[in-house]
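Protein chains get the first letters and strands the later ones, always in sequence-line order, with residue 1 at the start of each.
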2 protein chains.
Amino acid sequence: MARQQDPAGPRAAMIRSAIRLIRQRGVAAVSFADVLADSGAPRGSIYHHFPGGKSQLVEEATRSAAEQLSAGVARTLDAPDAPGALRALAGLWRRGLEAGDYAVGCPIVAAALGTERAARDIAGATFGTWCDLISDKLVADGADPGRARSTAVLVVSALEGALVFAQAQRSSAPLDVVVDELSALCRSVIDVAPRG
Amino acid sequence: MARQQDPAGPRAAMIRSAIRLIRQRGVAAVSFADVLADSGAPRGSIYHHFPGGKSQLVEEATRSAAEQLSAGVARTLDAPDAPGALRALAGLWRRGLEAGDYAVGCPIVAAALGTERAARDIAGATFGTWCDLISDKLVADGADPGRARSTAVLVVSALEGALVFAQAQRSSAPLDVVVDELSALCRSVIDVAPRG
DNA sequence: GTCTATACGAAGATAGAC
DNA sequence: GTCTATCTTCGTATAGAC
């Protein structure tokens, strides 16, 4: 698909392709051959770049995806209010869904459900990071820290669950509904204890 | 593991094993050999019972799991109040998580993220069924039908997402937090429009 | 760093005997 | 209904030349 020269070299291209394919098919269903074909990387360089084999590739792909997504979450949370930030966050998911014909999911979920332990641990840490970011935002907007924490866990869980829901039904409707509900919830959490 | 004579015969045993293995590893990572070893079914009878091959086995396993789970959801919702029903529902997930050392997830999620189209469609319909059941319960408890519907979508999404979250972190804490949040939300949805 | 070639096993699927 | 045997394809991984 891509097969063009990647400025960052074949290694980065392979990781990028691995992320894309893992999102589409899950960790177990992605082979080296798939990654090579998709990235256009040279056949003989797999074990040069990834001596640890598939485990290493999956781990690095998950780590890379987690860093990108966490940076995106942090950036999106730079909005005036938490409900708006949430909408923007869900908009990212939504566009990804529609662009990938509802077959492209979250790479962190794929890692969490995969069989590679290192990748699963990264997934667990990444969910935690997202909760921290969202919780901090809610607190900054005036929410009680305890309420903010549990609300953040709900937000992350519900968004990820809605993504799976939307994939199964090939429709972004569940995601939209969940975002509306979560926005209202965030507002109520903030309103209870407004800043000051 | 099981390998004992199944009263319902090898076919049912194979489906049961397929469900268990799919929950642990995902659709793509389960092979016929795995199912045979786990179920103790005779080697030569695979294509006799499942002429459609792996697709058929996965589809039937997903359908069977969906029926069992939907029946379980309906049964659990036979509780006096919606928040209590929700707690009971999450308790089912929770016990499954802990019994399977946080490696056994939801078969419907696995189907939704798998590569078998028929199974994914069943997953979509199953999520819809659960939403119907929960929505009906909320309405029966006095909630506004519109609010009940969107709340049900949130509940299903959040529970499934929390399950993935909990698997990634190997802890049921995220699930517990989400259940508390959802219970409070259900109460508020019911309280707004009490029966009468 | 990249190539070809290949070892080795496991996967899905089929054929034909019993 | 169940067996063994086999075909074919695909997967990971390695060896050794360039």
Peer 1: With sequence neighbours excluded, tell me which residues meet ring pair (Phe, Tyr, Trp, His ring centres under 6.0 Å) with B/Tyr102.
Peer 2: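 Partners of B/Tyr102 under the ring pair (Phe, Tyr, Trp, His ring centres under 6.0 Å) test: none.
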Peer 1: For residues 23-36 of chain A, run the donor-acceptor check on the side chains, cut-off 3.5 Å, and write out each pair with its distance to 0.1 Å, sequence neighbours left out.
Peer 2:
unit_1: A/Arg23; atom_1: NE; unit_2: A/Gly105; atom_2: O; d: 2.7
unit_1: A/Arg23; atom_1: NH2; unit_2: A/Gly105; atom_2: O; d: 3.3
unit_1: A/Arg25; atom_1: NH1; unit_2: A/Asp34; atom_2: OD2; d: 2.9
unit_1: A/Ser31; atom_1: OG; unit_2: A/Ala33; atom_2: N; d: 3.4
unit_1: A/Ser31; atom_1: OG; unit_2: A/Asp34; atom_2: N; d: 3.2
unit_1: A/Ser31; atom_1: OG; unit_2: A/Asp34; atom_2: OD2; d: 3.0
unit_1: A/Asp34; atom_1: OD2; unit_2: A/Ser31; atom_2: N; d: 3.2

Peer 1: Should A/Ser31 be listed as having a side-chain N or O under 4.0 Å from OP1 or OP2 of D/dG11?
Peer 2: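 Yes, within the criterion.
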Peer 1: B/Phe50: what forms a ring pair (Phe, Tyr, Trp, His ring centres under 6.0 Å) with it, not counting sequence neighbours?
Peer 2: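 Here no residue qualifies.
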Peer 1: Is any side-chain heavy atom of B/Leu159 closer than 4.5 Å to one of B/Trp93?
Peer 2: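 Sidechains of B/Leu159 and B/Trp93: in contact.
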Peer 1: Taking the side chain as every heavy atom from C-beta outward, state whether B/Ile190 and B/Pro83 have any pair of such atoms under 4.5 Å apart.
Peer 2: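 Yes, side chains in contact.
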Peer 1: What donor-acceptor contacts under 3.5 angstrom involve side-chain atoms of residues 124-132 of chain B, with partners at least two apart or in another chain?
Peer 2:
unit_1: B/Thr126; atom_1: OG1; unit_2: B/Ile122; atom_2: O; d: 2.7
unit_1: B/Thr129; atom_1: OG1; unit_2: B/Ala125; atom_2: O; d: 3.1
unit_1: B/Trp130; atom_1: NE1; unit_2: B/Ser70; atom_2: OG; d: 3.0
unit_1: B/Asp132; atom_1: OD1; unit_2: B/Arg149; atom_2: NH1; d: 2.6

Peer 1: Just the rounded figure in Å: distance from P of D/dT2 to CD1 of B/Ile46.
Peer 2: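 Rounded to whole Å, this separation is 12 Å.
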Peer 1: Shorter than 3.5 Å, N or O on both sides, protein versus nucleotides 4-7 of chain D: list them out with atom names.
Peer 2:
none

Peer 1: Could you tell me whether the side chains of A/Ser64 and A/Glu60 share a donor-acceptor contact shorter than 3.5 Å?
Peer 2: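 No.
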Peer 1: Ignoring the backbone of A/Pro42, work out which of D/dT12, C/dT2, D/dG11 is nearest its side chain.
Peer 2: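 Selected nucleotide: C/dT2.
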Peer 1: Counting only heavy atoms and a strict 4.0 angstrom limit, can you tell me which residues of residues 47-60 of chain B come near DNA chain D?
Peer 2: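 Within this stretch, B/His48, B/His49 sit under 4.0 Å of the strand.
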Peer 1: Return the value, rounded to whole Å, for the distance between atom CG of B/Asp34 and atom C1' of C/dA11.
Peer 2: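 B/Asp34 atom CG is separated from C/dA11 atom C1' by 10 Å.
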Peer 1: Decide, yes or no, whether a salt bridge links A/Glu67 with A/Arg63 under the criterion of side-chain N to carboxylate O below 4.0 Å.
Peer 2: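 Judged by the 4.0 Å cut-off on N to carboxylate O distance, A/Glu67 and A/Arg63 do not form a salt bridge.
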Peer 1: Between A/Phe32 (CZ) and D/dA13 (C1'), how many Å, whole number?
Peer 2: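 That distance rounds to 9 Å.
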